[in-house]
Amino acid sequence: MPARKAPGPDGFTAEFLRACWPAVRQDFIAVFQQLYELRGCGFSCLNQALLMLLPKRADARGLGDYRPISLIHLVAKIFAKVLSLRLAPKLNDLVSTSQNTFIPGRSLHDNFVLVRQSARLLHQLGAPCVLLKLDLTRAFDSISWPLLFDILRCYGFGTRFLGWLAILLSSASTKVIMNGEPGPPIWHRQGLRQGDPMSPQLFVLTMDTLGRLLRRATELRILQQLHPQRPIPSVSLYADDVVLFCHPTLGDTSAVRSILQLFGRAYGLHVNFLKSSATLIRGDAEDAAPALDLLGCPMVEMPITYLGIPLTLRDPLLPSFNP
């Protein structure tokens with residue numbers, strides 16, 4: 001763990017633990033023994049976080065000019081870190097190759113290359129197709145806990161691991177620091193806490209179900225295959241950045257919207273179609289307009305930016321990489 005990060009100006013750092021481990025060792029062993037036995041009573045006192053607002057710019061005035069950061073108690077963070085270290089080696093086998101974030105051995109560039117090659121191949125084959133770049137609203141904050149545990153059971157997680165996770169989530173609370181003083185606790189009932197080592201891994205597992213849902217819809221012929229003879233990946237997931245390929249027809253866009261709305265109601269992860277975009281790869285814009293209007297996404301043309309990199313159907317020109 002980072003040595004010098006602390007939950008507040010008077011919090012203990014990981015560096016302190018390394019230096020004073022002989023003195024605090026028995027206390028930590030006692031805490032972990034109770035957690036191992038699924039006795040989480042009183043753990044809420046050690047699972048509090050302090051919420052601070054960091055200015056995004058020097059002349060910050062409104063609330064939108066600040067970025068919240070969660071400072072988590074060291075004991076809870078170590079407990080979450082232990083669980084995340086157990087989970088990390090399993091993620092590569094659990095999560096499909098369309099999702100590459102927070103997984104050892106996978107890279108952001110894998111997603112970019114996947115989307116670029118799929119777009120170029122669809123353009124070469126001449127099949128009418130649209131690239132949907134979807135924006136999820138407050139992704140980390142809105143995940144439904146009951147559905148999260150259902151997902152983990154389907155993946156094969158055991159009762160004890162789910163019990164540890166339940167203690168970690170249900171005992172969590174946050175205090176907002178105003179003028180240097182923490183306010184009353186806000187108890188969590190949904191979502192994942194940013195700064196928790198487990199949160200990115202749980203979020204990846206939840207988002208992977210969206211990719212599985214879309215692939216299942218294609219298998220059941222609810223969505224058309226992108227090409228009748230070429231197996232072209234239709235979805236790319238990088239954390240909450242979702243790219244989806246589909247046909248610009250009323251049937252496909254109606255099915256996509258229904259699937260995304262179902263996913264949003266079940267998991268709490270809703271797509272903001274006004275902040276999403278649609279890019280036509282092949283086909284006539286006037287013919288595709290009724291189907292795309294059904295989604296409510298603004299139309300944009302290539303080149304577009306995906307994961308911070310210029311995405312085009314041809315090799316990008318040098319000016320595309322200017323700051």
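Keep in mind that the numbers below use all heavy atoms, side chains included, and drop hydrogens, waters and symmetry copies.
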side-chain hydrogen bond (donor to acceptor under 3.5 Å, both in side chains) between T174 and R193: does it pass, once the steps are laid out?
CA-CA 9 Å; T174 298; R193 187 164 58 187; 5.0 Å; no

Show, in sequence, the C-alpha distance, side-chain angles and deciding distance for D110 and Y238, and conclude whether the side-chain contact (heavy atoms from CB on, under 4.5 Å) test is met.
CA-CA 10 Å; D110 297 335; Y238 188 83; over 6 Å; no

Please step through side-chain contact (heavy atoms from CB on, under 4.5 Å) for the pair L63 and L53, ending with a clear verdict.
CA-CA 9 Å; L63 192 59; L53 297 178; 4.0 Å; yes

What do the steps show when you test R153 against D150 for salt bridge (Lys or Arg N to Asp or Glu O under 4.0 Å), and what is the final call?
CA-CA 5 Å; R153 289 190 192 96; D150 284 344; 3.0 Å; yes

Please determine whether side-chain contact (heavy atoms from CB on, under 4.5 Å) holds for the pair N100 and L114, giving the CA-CA distance in whole Å, both sets of side-chain angles, and the decisive distance to 0.1 Å.
CA-CA 11 Å; N100 292 315; L114 173 70; 5.9 Å; no

Might you work through the salt bridge (Lys or Arg N to Asp or Glu O under 4.0 Å) test for R216 and E219, ending with a clear yes or no?
CA-CA 5 Å; R216 182 62 175 160; E219 293 172 2; 3.1 Å; yes

Between T279 and M302, is the side-chain contact (heavy atoms from CB on, under 4.5 Å) condition met? List the steps.
CA-CA 7 Å; T279 302; M302 293 282 189; 3.9 Å; yes

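Cluster annotation: F32 is connected to I167 through the hydrophobic network of ILVMFWY side chains, with a link wherever side-chain heavy atoms come within less than 4.5 Å. Clustering ILVMFWY residues whenever any of their side-chain heavy atoms sit less than 4.5 angstrom apart, transitively, puts I186 in a cluster other than the one holding L168. Taking hydrophobic clusters as Ile, Leu, Val, Met, Phe, Trp and Tyr residues chained together by side-chain heavy-atom distances below 4.5 Å, L292 shares a cluster with L223. Note on I304 and V243: same hydrophobic cluster, where clusters join Ile, Leu, Val, Met, Phe, Trp and Tyr whose side-chain heavy atoms are under 4.5 Å apart, directly or indirectly. Cluster annotation: I222 and V130 are assigned to distinct hydrophobic clusters (Ile/Leu/Val/Met/Phe/Trp/Tyr, side-chain heavy-atom contacts under 4.5 Å, transitive).
Counting heavy atoms from C-beta on, the side chains of L136 and V271 come closer than 4.5 Å. Considering only heavy atoms from C-beta on, L17 comes within 4.5 Å of F28 through its side chain. The closest side-chain heavy-atom distance from I309 to H109 is below 4.5 Å. Contact check for S142 versus L269: side-chain heavy atoms found under the 4.5 Å cut-off. Residues Q48 and H73 have side chains not in contact (no heavy-atom distance under 4.5 Å, counting atoms from C-beta outward). Counting heavy atoms from C-beta on, the side chains of L91 and L205 come closer than 4.5 Å. Looking at heavy atoms from C-beta onward, L147 lies out of side-chain contact with T209 at the 4.5 angstrom threshold. Side chains of M198 and L169 form no contact here, defined as non-hydrogen atoms less than 4.5 Å apart.
Note that CE of M299 and CG of D293 are 9.0 Å apart. Values are rounded to the nearest 0.5 Å. Here I29 contributes atom CD1 and Q26 contributes atom CD; the two are 4.5 Å apart, rounded to the nearest 0.5 Å. The structure places OG of S171 at 7.5 Å from CH2 of W187, a figure rounded to the nearest 0.5 Å. How far CG of L132 is from OG1 of T253: 8.5 Å, rounded to the nearest 0.5 Å. Here the straight-line distance linking atom CG of L260 with atom CG of L134 works out to 6.0 Å at 0.5 Å rounding. To the nearest 0.5 Å, the span separating NE2 on H123 from CD1 on I281 amounts to 8.5 Å.
Closest of all the heavy-atom pairs between S96 and R215 is OG-NH2, 3.2 Å. P303 approaches T312 most closely through the heavy-atom pair CB-CG2, 3.1 Å. Minimum heavy-atom separation, S276 to P298: O-CD, 3.0 Å. T249 approaches Q224 most closely through the heavy-atom pair OG1-NE2, 3.6 Å. Contact detail for P233 and F245: the closest heavy-atom pair is O-CD1, 3.9 Å. Residues S144 and P146 share a closest heavy-atom pair of OG-CD, 3.3 Å.
D59 CG: more than 12 foreign heavy atoms inside a 6.0 Å radius. Dense packing is recorded around CZ of R39, with more than 12 heavy atoms of other residues, nucleotides or ligands lying under 6.0 Å away. Within a 6.0 Å sphere centred on CZ of R18, heavy atoms belonging to other residues, nucleotides or ligands number more than 12. When the shell of 6.0 Å around CZ of R212 is examined, it contains more than 12 heavy atoms from other residues, nucleotides or ligands.
Within the 3.5 Å criterion, the main-chain N or O of K90 finds no donor-acceptor partner in the side chain of D93. In this structure a side-chain-to-backbone donor-acceptor pair under 3.5 Å is present from T13 to F16. Side-chain atoms of D208 never come within 3.5 Å of backbone atoms of V95 as a donor-acceptor pair (strictly under, hydrogens ignored). For the pair R257 (side chain) and L295 (backbone), a donor-acceptor distance under 3.5 Å is present.
Sorted by first then second residue, the ring-ring contact (aromatic ring centres under 6.0 Å, His included) pairs that include residues 155-181, not counting sequence neighbours, are Y36-W164, F157-F161.
The residue from N92, T101, N111, T97 that alone fulfils the side-chain hydrogen bond (donor to acceptor under 3.5 Å, both in side chains) condition with R106 is N92.
Ring pair F43/F79: centre-to-centre distance below 6.0 Å.
In this pair, Y306 and F112 present their aromatic rings parallel. The plane angle is below 30°, not in the 30 to 60° band.
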